[in-house]
Amino acid sequence: MGRAPESAPAVGAAPSSSSSFSVPPRAPVYLRLEPAREPMASSEEDGAGNGSVEEKESGKKAHRRRGAVTTAWLIFYNIAMTAGWLVLAIAMARFYLENGTHKGIYKSIQKTLKFFQTFALLEIVHCAVVHTSVLVTGVQVSSRIFMVWFITHSIKQIQNEESVILFLVVWTVTEITRYSFYTFNMLNHLPYFIKWARYNFFIILYPVGVVGELLTIYAALPYVKRSGMFSVRLPNKYNVSFDYYYFLLIVMASYVPMFPQLYFHMLRQRRKVLHGEVIVEKDD
Ligand SMILES: CCCCCCCCCCCCC/C=C/C(=O)SCCNC(=O)CCNC(=O)[C@H](O)C(C)(C)COP(=O)(O)OP(=O)(O)OC[C@H]1O[C@@H](n2cnc3c(N)ncnc32)[C@H](O)[C@@H]1OP(=O)(O)O
């Protein structure tokens, strides 16, 4: 992440009264953001390993080149994802305003949703160059992919459930906030509201989104039980059985231990970003 200009107003410092993160009144303090932690490079890449000065220099140049290419890709990716979820938001709002009902919204936006939510699988790869957990990102992305492809795409009878619209709206607000945060943060021009939204909206949106997803899976259960979809019955030549109905019950149960891990991860990120930055007196 880039470094904010040193004259940048302190984030979380004594601000206007409207801010919800005011610090005790005192002389204005300014914030010098910690220099962005460059993606960790292996020793041979950053020239810290053994080798001649030329090898070390080429290693550092390779790292900078990789850094520049990686940064350019992430900025493109974040802008594209922000735009994609904005298109989804506008399409859903337009459908509802034109038709006065939520029934049919999913069908009208499903291609865009499938494309951008599947594209987000790249975030597991991005974990190699951004400071985030592969496990947390993997669980988050896999739960989304599961909902999009193995529930709403595969079980058409539930596509008009209110719970589908609930989680779609929550996902959309969340992702527009999240990807615009990443974009502005990487461009070193992060509006405080975007930062505030990134680390506060989830407090409500995360549990609401989970409720929407669980209600949708629950609504799908009767159709799965009746159709036996995605299931393998005995006897068969592999002597293996699989029942998608009971698998969905297990998935629903897995939210209980898994969701709190993601939620507490976000709360930790929130404390780090909104309250944990180093506030230093401005050098006169
Ligand atoms: C086979 C069946 C599978 C079924 C699985 C079932 C499991 C069920 C349990 C799971 C339940 C989850 C259900 C989900 C519901 C919803 O999503 S509802 C909608 C609301 N959701 C949210 O609010 C969460 C949104 N998701 C996220 O925020 C992320 O996905 C996250 C992984 C959960 C957290 O993101 P993370 O990146 O870890 O935190 P940040 O603070 O944003 O970033 C950390 C650092 O990484 C940098 N970074 C990350 N991505 C980028 C990027 N694209 N570009 C640039 N930088 C990036 C970020 O800037 C931070 O850097 P530092 O500032 O240096 O720390």
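Numbering of ligands and ligand atoms starts at 1, following listing order. The first residue in the sequence is number 1, and the count goes up from there.
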Task: Geometric class of the Phe247/Phe242 ring pair [parallel <30°, tilted 30-60°, perpendicular >60°] - done: tilted

- [ ] Look only at interatomic distance and state if Ser143 has a nitrogen or oxygen under 3.5 Å from any nitrogen or oxygen of ligand 1.
- [x] no

Task: Whether His102 side chain and Asn160 backbone form a donor-acceptor pair below 3.5 Å - done: yes

TODO: Please say whether Glu175 places an N or O atom under 3.5 Å from an N or O atom belonging to ligand 1.
DONE: no

TODO: Could you establish whether Glu123 and ligand 1 come within less than 4.0 Å of each other, counting only heavy atoms on the residue side?
DONE: no

- [ ] Return a yes/no value for Tyr77: is any of its N or O atoms, backbone included, closer than 3.5 angstrom to an N or O of ligand 1?
- [x] no

Open item on the list: With heavy-atom distances below 4.5 Å as the criterion, would you say the side chains of Met147 and Trp171 are in contact?
Closed with: yes

Task: Heavy-atom nearest option to atom 40 (P) of ligand 1, drawn from Phe202, Phe181, Tyr263, Tyr199 - done: Tyr199

Task: Distance-only side-chain donor-acceptor flag, Thr152 / Tyr106, under 3.5 Å - done: yes

- [ ] May I ask you to check whether Glu213 has an N/O atom sitting below 3.5 Å from an N/O atom of ligand 1?
- [x] no

Task: Main-chain N/O of Val232 paired with Asp243 side-chain donor or acceptor, under 3.5 Å - done: no

Task: Check: Met252 and Glu213 side chains under 4.5 Å, non-hydrogen atoms - done: no

- [ ] Return yes or no for this condition: an N or O of Lys272 is under 3.5 Å from an N or O of ligand 1.
- [x] yes

Open item on the list: Quick check for you: to the nearest 0.5 Å, what is the distance between Leu97 atom CG and Met92 atom CE?
Closed with: 12.0 Å

Task: Chi angles and distances behind the side chain to side chain donor-acceptor pair (under 3.5 Å) call for Trp85, Gln117 - done: CA-CA 9 Å; Trp85 285 97; Gln117 191 53 72; 5.3 Å; no

Task: Donor-acceptor pair, side chain of Ser241 and main chain of Arg233, under 3.5 angstrom - done: no

Open item on the list: Counting C-beta onward and ignoring hydrogens, is there a side-chain heavy-atom pair between Leu88 and Ile176 closer than 4.5 Å?
Closed with: no

Task: ligand 1 atoms in contact with Met266 (distance to a heavy atom under 4.0 Å) - done: 28 (O), 34 (C)

Open item on the list: Show me which atoms of ligand 1 lie under 4.0 Å from any heavy atom of Arg198.
Closed with: 27 (C), 28 (O), 34 (C), 35 (O), 39 (O), 40 (P), 42 (O)

TODO: Name the option, out of Ile124, Thr137, Thr174, that contains the heavy atom nearest to atom 22 (C) of ligand 1.
DONE: Thr174

Open item on the list: Quick check: Gln140 and ligand 1, any N/O pair under 3.5 Å apart?
Closed with: yes

Task: Flag if over 12 foreign heavy atoms under 6.0 Å of CZ, Phe76 - done: no

Task: Options Gly212, Ser133, Ser254, Pro257, ranked by nearest heavy atom to atom 7 (C) of ligand 1, top entry - done: Ser254

TODO: Would you check the N or O atoms of Tyr206, main chain and side chain alike, for any that come under 3.5 Å of an N or O of ligand 1?
DONE: no

TODO: Look only at interatomic distance and state if Trp171 has a nitrogen or oxygen under 3.5 Å from any nitrogen or oxygen of ligand 1.
DONE: no

- [ ] Flag Tyr255 as yes when one of its N or O atoms lies below 3.5 Å from any N or O atom of ligand 1, and as no otherwise.
- [x] no

Task: Identity of the nearest option to atom 12 (C) of ligand 1, non-hydrogen atoms only, from Ile203, Asn185, Leu262 - done: Leu262

TODO: Any chance you could measure Tyr255, atom OH, to Ile250, atom CD1, to the nearest 0.5 Å?
DONE: 14.0 Å

- [ ] Could you check which of Phe247, Tyr179, Phe146, Phe201 puts a non-hydrogen atom nearest to atom 3 (C) of ligand 1?
- [x] Phe146

Open item on the list: Can you confirm whether Tyr245 is buried at OH, in the sense that more than 12 heavy atoms of other residues, nucleotides or ligands lie under 6.0 Å from that atom?
Closed with: yes

- [ ] Decide whether an N or O pair under 3.5 Å exists between Ser142 and ligand 1.
- [x] no

TODO: Would you tell me which option among Met186, Arg144, Gln269, Met258 has the nearest heavy-atom contact to atom 9 (C) of ligand 1?
DONE: Met258

- [ ] Compute the minimum heavy-atom distance from Phe150 to ligand 1 and say whether it is under 4.0 Å.
- [x] no

Task: Proximity winner for atom 64 (O) of ligand 1, if only heavy atoms of His131, Met81, His126 are counted - done: His131

